[in-house]
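The basis for the numbers below is simple: all heavy atoms, side chains too, and nothing from hydrogens, waters or symmetry mates.
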2 protein chains.
Amino acid sequence: MASERPDLAAMLYPLVRELIAIELPILAGHEVSMWGYSVLAALDDTPVRTQAALATAIGADKSRIIGTLDELQQAGLIERTPDPDDRRVRLLSITPRGRTVRRAIRKDIQSAELQVLDSLPAADRKTFLRLLQQLHTSR
Amino acid sequence: MASERPDLAAMLYPLVRELIAIELPILAGHEVSMWGYSVLAALDDTPVRTQAALATAIGADKSRIIGTLDELQQAGLIERTPDPDDRRVRLLSITPRGRTVRRAIRKDIQSAELQVLDSLPAADRKTFLRLLQQLHTSR
DNA sequence: TATTGTTATACTCTATAACTATA
DNA sequence: TATAGTTATAGAGTATAACAATA
C-alpha cells in the first residue's frame with residue numbers, strides 16, 4: 001500500500017486559502033475587491049477586450065463582473081468607452097491610476113505571499129516557484 | 001522591471017478549479033459530496049474526533065458540516081456514537097464501508113488528476129509533486 | 001458559566017434568464 | 001435573428017447567533 005498521498009486538490013486548496021487570507025487585508029487597504037484586483041490584473045496584462053471576453057478570461061460570468069466594473073470605473077481605475085465600430089461593445093482599458101494601484105497591490109502581495117513556502121528550503125522554494133510558473137504559462 | 005510574475009494565488013487558483021472540475025463527476029458517481037469526501041478523508045486519516053474538531057480540521061464551521069454528517073451517517077459511511085465520558089460529545093468514526101468508498105474515490109481521482117500537470121516534463125512533474133507534498137505535510 | 005451539537009435566521013454569492021440597444 | 005451589456009429573480013452556500021443538553 002506504499003503509494004499513498006493526498007489528492008492534489010487536498011494539498012493545493014489549503015495553500016490557496018492561506019493566500020487569500022494574506023491578500024484580503026492588503027486588498028482592503030487599497031480599497032479594491034478580489035474580483036476588482038483580478039480585473040485590473042487581466043486588463044493590465046492584455047489591454048483591451050469586451051466585457052464578455054474579460055469575464056471568461058477570469059473565470060466569471062459576464063453578469064457577475066458588472067458591479068465590479070462599475071466600482072473600478074467610479075474609482076477611476078478603468079475606463080469603459082463605447083466601441084465606435086460596434087456600439088453594443090464597451091472597450092475596456094485600465095487607466096494610469098489603475099495601473100499604479102495594481103502594481104502597488106501586487107508589490108504588497110508578492111512581498112507577503114512567499115511566507116506560505118517558508119517550510120521549504122530556499123532552493124526548493126525557487127524550484128517550486130519555477131515549476132508553478134511554467135505550469136501556469138503553458139495552459 | 002525584470003522581476004514580474006503572477007501572484008501565487010493567480011497561478012494556483014486555476015489549477016484548483018480545474019481539479020474540482022475533474023473531481024465533481026467522480027464524486028457524483030460515488031454519490032458523495034465534496035464536503036462528504038473531505039470528511040471521509042479526514043476521518044480515515046485520523047480516526048476519532050469531535051464534530052467541532054473535525055470541522056476546524058477541514059476548514060469549516062461546526063454548523064456547516066452537520067448536514068454532511070447526516071448524509072454520510074444515513075449512507076452508512078460514518079458513525080456518530082455518544083461519548084460515555086462526556087455525553088455532549090459525539091465520537092466520530094468512519095465505517096468499513098466508508099473506508100472502502102473513500103479509497104475507491106481516491107483511486108479514481110488520483111488516476112485522473114495528474115492530467116493537470118501534463119504540460120510539465122515527467123521529471124519536473126515528479127519534482128513538483130514531491131515539493132507540494134513536502135509543503136503539505138510540514139504545515 | 002462554559003461547551004457540544006443543533007437549528008434558525010439573515011446575508012452573500014452565484015447562476016439563469018429576461019430585457020435593451022444595437023447589429 | 002443574433003449579440004453585448006445590463007438588470008432581476010431565484011437558488012445555493014455561508015456566517016451568525018440563538019437554543020437545548022450536558023459539563
Side-chain angles (χ1 to χ4, degrees), chain A residues 9 13-14 16-18 20-21 23-25 27-28 31-39 42-43 46-74 78-94, chain B residues 9 13-14 16-18 20-21 23-25 27-28 31-39 42-43 46-74 78-94:
Chain A
Y13 192 62
V16 168
R17 238 190 345 209
E18 198 179 338
I20 290 176
E23 291 188 9
L24 282 181
L27 289 166
E31 291 179 325
V32 172
S33 70
M34 186 71 84
W35 282 113
Y37 179 57
S38 179
V39 166
L43 287 182
T46 56
V48 293
R49 268 182 301 198
T50 79
Q51 296 186 189
L54 172 67
T56 58
I58 64 176
D61 190 85
K62 60 175 182 166
S63 69
R64 215 160 83 185
I65 62 170
I66 290 189
T68 303
L69 295 179
D70 291 345
E71 287 170 15
L72 292 174
Q73 184 175 25
Q74 197 176 352
I78 68 167
E79 273 177 354
R80 275 192 278 197
T81 61
D83 183 345
D85 295 345
D86 181 346
R87 304 230 325 268
R88 293 173 302 182
V89 170
R90 312 298 168 91
L91 292 174
L92 296 173
S93 57
I94 190 170
Chain B
Y13 193 63
V16 168
R17 241 195 338 211
E18 198 179 339
I20 290 176
E23 291 188 8
L24 282 182
L27 289 166
E31 293 181 324
V32 172
S33 70
M34 187 72 84
W35 282 112
Y37 179 57
S38 178
V39 165
L43 287 182
T46 55
V48 292
R49 266 183 303 199
T50 79
Q51 295 187 187
L54 171 67
T56 59
I58 64 176
D61 189 85
K62 60 176 180 166
S63 70
R64 215 160 82 181
I65 62 169
I66 290 189
T68 302
L69 295 179
D70 290 344
E71 289 170 13
L72 292 174
Q73 185 175 24
Q74 196 176 350
I78 68 166
E79 273 179 354
R80 276 192 276 198
T81 61
D83 184 348
D85 295 346
D86 181 347
R87 302 229 328 266
R88 293 174 302 181
V89 171
R90 311 296 167 93
L91 293 174
L92 296 173
S93 58
I94 189 171

> May I have the distance from A/L24 (atom CG) to C/dT12 (atom C1'), rounded to whole angstrom?
14 Å
> Could you work out which one of C/dT7, D/dT14, D/dT6 sits closest to the side chain of B/R64?
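Output: D/dT14.
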> With side chains defined as the heavy atoms from C-beta onward, is the minimum distance between A/V39 and A/L92 less than 4.5 Å?
no
> Expressed in angstrom and rounded to an integer, what is the separation of A/D83 atom CG from D/dA4 atom P?
12 Å
> Using heavy atoms to find the nearest nucleotide of DNA chain C for B/L69 and A/K62 separately, return the residue whose nucleotide is more 5′.
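Nearest nucleotide further toward 5': that of B/L69.
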> Is there a side-chain contact between A/R87 and A/P82 in this structure, where contact means two heavy atoms from C-beta onward sitting under 4.5 Å apart?
no
> With distance as the sole criterion, do the side chain of B/S63 and the base of D/dT16 form a donor-acceptor contact below 3.5 Å?
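For B/S63, whose side chain was compared with the base of D/dT16, there is a donor-acceptor pair (under 3.5 Å).
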> According to a strict under-4.0 Å criterion, is B/R80 in side-chain N/O contact with OP1 or OP2 of C/dT6?
yes
> Output the rounded distance in Å from CG (B/L91) to C1' (C/dT4).
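Spelled out: CG on B/L91 to C1' on C/dT4 is 12 Å.
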> Using only modelled atom types and a 3.5 angstrom limit, is any donor from either the side chain of B/R88 or the base of C/dT3 paired with an acceptor on the other?
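It does, because a donor-acceptor pair links the side chain of B/R88 to the base of C/dT3 below 3.5 Å.
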> Does the side chain of B/R87 get closer than 4.0 angstrom to OP1 or OP2 of D/dA21 through an N or O atom?
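Answer no for this pair, as no side-chain N or O of B/R87 is under 4.0 Å from OP1 or OP2.
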> Check the distance between D/dT3's P and A/D85's CG and give it to me in whole angstrom.
19 Å
> Is the shortest heavy-atom distance from the side chain of B/T50 to the side chain of B/K62 under 4.5 Å?
no
> What's B/D86 touching, base or sugar-phosphate or nothing? Going by heavy atoms closer than 4.0 Å.
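The answer is sugar-phosphate, as B/D86 gets under 4.0 Å only of primed atoms, P, OP1 or OP2.
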> Would you kindly give the CD1-to-P distance between A/I65 and D/dA4, to the nearest whole Å?
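To the nearest whole Å, that distance equals 13 Å.
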> Taking only N and O in the side chain of B/W35, is any of them less than 4.0 Å away from OP1 or OP2 of D/dA12?
no
> Are the side chains of B/Q51 and B/I66 in touch, meaning some heavy atoms are under 4.5 Å apart?
yes
> Distance check needed: C/dT7 P versus B/D61 CG, whole Å only.
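Roughly 15 Å, once rounded to whole Å.
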> Write down the distance between CD1 (B/I66) and C1' (D/dG13), rounded to a whole number of angstrom.
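Going from B/I66 (CD1) to D/dG13 (C1'), I get 16 Å.
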> To the nearest Å, how far apart are B/M34 CE and D/dT14 C1'?
17 Å
> Do side-chain atoms of B/T56 reach the backbone of B/A53 as a donor and acceptor pair under 3.5 angstrom?
yes
> Between B/D70 and B/V89, which has a closest nucleotide on DNA chain C that is more 5'?
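The answer here is B/V89.
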